[in-house]
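Okay, so here's the structure we're looking at.
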Protein chains: 2
Amino acid sequence: MNIGQAAEASGVSAKMIRYYESIGLIPKTVRTEAGYRVYSDSDVHTLRFIRRARDLGFSVEQISDLVSLWRDRERASKDVKRIALEHVTVLERKIVELQQMAETLNHLAKTCHGDARPGCPIIEELASNEAPQCHSAAGTRFGSLGKAPTRV
Amino acid sequence: MNIGQAAEASGVSAKMIRYYESIGLIPKTVRTEAGYRVYSDSDVHTLRFIRRARDLGFSVEQISDLVSLWRDRERASKDVKRIALEHVTVLERKIVELQQMAETLNHLAKTCHGDARPGCPIIEELASNEAPQCHSAAGTRFGSLGKAPTRV
DNA sequence: AGTGACCCCTCCAACCATGGGAAGGTCAAG
DNA sequence: CTTGACCTTCCCATGGTTGGAGGGGTCACT
């Protein structure tokens with residue numbers, strides 16, 4: 001199977017398959033004489049695994065661990081569960097962050113008459129010198145969420 | 001005021017101030033003879049505005065619009081409200097996405113005994129050939145959320 | 001006047017995951 | 001043999017932010 005068919009069958013783009021190979025998430029494949037990558041059904045299976053893990057929001061690094069655990073017949077389900085639950089924790093923190101942003105904006109938008117007149121509480125809030133937001137946590141730019149603030 | 005003090009006072013790092021200048025979000029500042037950027041209290045006010053908008057998850061492009069509207073005394077609050085509510089829509093879609101991921105994982109983790117034995121429903125789910133997830137929408141990799149799937 | 005501790009400058013690279021495209025090789029069908 | 005669909009590698013862009021290198025400025029203290 002060529003890379004295009006493998007991409008089709010797995011739902012991972014050819015671009016990403018090459019990228020995953022380049023970073024070592026998947027091993028280098030066999031090549032034809034002409035240099036074309038060749039994939040087996042088993043490879044497609046792995047790619048599908050990877051795609052599902054991506055769909056669940058795991059990072060490539062986490063997926064790398066999950067793939068290892070998957071391949072490892074002696075794997076401890078404890079390890080898998082730990083990775084999954086750690087990820088859930090991160091997800092839930094991000095959810096809260098986004099909810100606070102949305103709440104703050106909804107609150108401000110509600111008090112904004114939204115017509116052609118100037119004078120808008122949203123702008124005024126942003127421009128104020130006072131406490132950043134009414135919903136406190138949205139201002140914690142560098143929460144303990146990792147290296148960077150949540151990009152939205 | 002030098003850039004460091006402006007950064008301190010506004011909560012925007014010196015690096016980011018230079019970046020915002022370079023992309024035109026803020027105008028070029030006056031410089032000292034030695035080439036140091038000089039900031040006024042008003043500049044700091046603008047930077048604080050920008051930081052708050054970032055905290056609310058607005059993109060730089062949106063912030064650029066908001067800053068223009070802020071400066072424009074004839075601004076229509078309608079325009080501000082529209083930007084804010086559009087952003088809320090995006091936020092809420094992302095929240096739902098993340099919630100679905102978290103739900104799926106929580107569900108799988110619940111059925112994972114999580115001890116030293118092998119055999120783990122989380123891995124098995126990822127590896128299965130069947131329907132991607134029990135919570136359907138988490139698999140819609142390219143939902144109508146914009147250019148790319150939500151990176152987590 | 002020298003020295004050390006900071007500050008500032010610009011430019012370049014990295015992160016993450018992904019898409020786009022150019023320039024060239026390969027393959028199968030017509 | 002031509003055409004078109006595929007493959008290859010390589011480079012570039014995204015967005016927002018941080019980091020570093022390498023060079024210079026400023027200031028207070030000795």
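All heavy atoms count here, side chains included; hydrogens, waters and symmetry mates do not. Residue numbers start from 1 in every chain, and the chains themselves are labelled A, B, ... in the order their sequence lines are given, proteins ahead of strands.
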Could you tell me whether a side-chain N or O of A/His87 sits under 3.5 Å from a main-chain N or O of A/Ser59, the two making a donor and an acceptor?
no
[X] side-chain proximity, nearest of [options]:
X       : options               : value
B/Arg37 : D/dT8, C/dC9, D/dG16  : C/dC9
B/Ser13 : D/dC7, D/dT18, C/dC7  : D/dT18
A/Met16 : D/dT8, D/dG16, C/dT18 : C/dT18
A/Tyr36 : D/dC6, C/dC8, C/dT18  : D/dC6
A/Asn2  : C/dC8, C/dT18, D/dC7  : D/dC7
B/Ser59 : C/dC8, D/dG16, C/dT26 : D/dG16
B/Ile3  : C/dC8, D/dT8, D/dT17  : C/dC8
B/Lys15 : D/dT18, C/dT26, D/dT9 : D/dT18

Axis-to-axis angle across the helix from C/dA1-D/dT30 to C/dG30-D/dC1, five pairs each end, nearest 10 degrees, ~ 30°
Show the nearest heavy-atom pair for residues B/Leu25 and B/Ser64, with the distance to one decimal.
CD1-CA, 3.6 Å
Considering all heavy atoms, the nearest B/Ala7-B/Ala14 contact:
CB-N, 3.6 Å
Rounded to whole Å, how long is the line connecting atom [atom1] of [X] with atom [atom2] of [N]?
X       : N      : atom1 : atom2 : value
A/Glu8  : D/dC7  : CD    : C1'   : 16 Å
B/Ile23 : D/dT14 : CD1   : P     : 11 Å
B/Ile50 : D/dG16 : CD1   : P     : 12 Å
B/Arg51 : D/dG16 : CZ    : P     : 17 Å
A/Asp55 : C/dA17 : CG    : P     : 14 Å
A/Gln5  : C/dA28 : CD    : C1'   : 13 Å
A/Lys28 : D/dT8  : NZ    : C1'   : 14 Å
B/Tyr19 : D/dT18 : OH    : P     : 12 Å

Residues A/Glu86 and A/Arg82 bridged, charged N to O under 4.0 Å
yes
So, is B/Arg31 near the phosphate of C/dT10, with a side-chain N or O under 4.0 Å from OP1 or OP2?
yes
Phosphate OP1/OP2 of C/dT18: any A/Tyr20 side-chain N/O under 4.0 Å:
yes
Only one of A/Val12, A/Thr29, A/Ile17 clears side-chain contact (heavy atoms from CB on, under 4.5 Å) with A/Ile3; which?
A/Ile17
For DNA chain C, whose closest nucleotide is more 5', that of A/Thr32 or that of B/Gly4?
B/Gly4
Run the ring pair (Phe, Tyr, Trp, His ring centres under 6.0 Å) test against B/Phe49 and tell me which residues pass, sequence neighbours left out.
B/Trp70
First encountered from the 5' end of DNA chain D, between B/Glu61 and B/Glu33:
B/Glu61
Any side chain to side chain donor-acceptor pair (under 3.5 Å) involving residues 33-44 of chain B? Give me the pairs, sequence neighbours left out, ordered by first then second residue.
B/Glu21-B/Arg37, B/Ser40-B/Asp43
Atom CD of residue position B/Glu92 - does it have more than 12 heavy atoms of other residues, nucleotides or ligands inside 6.0 Å?
yes
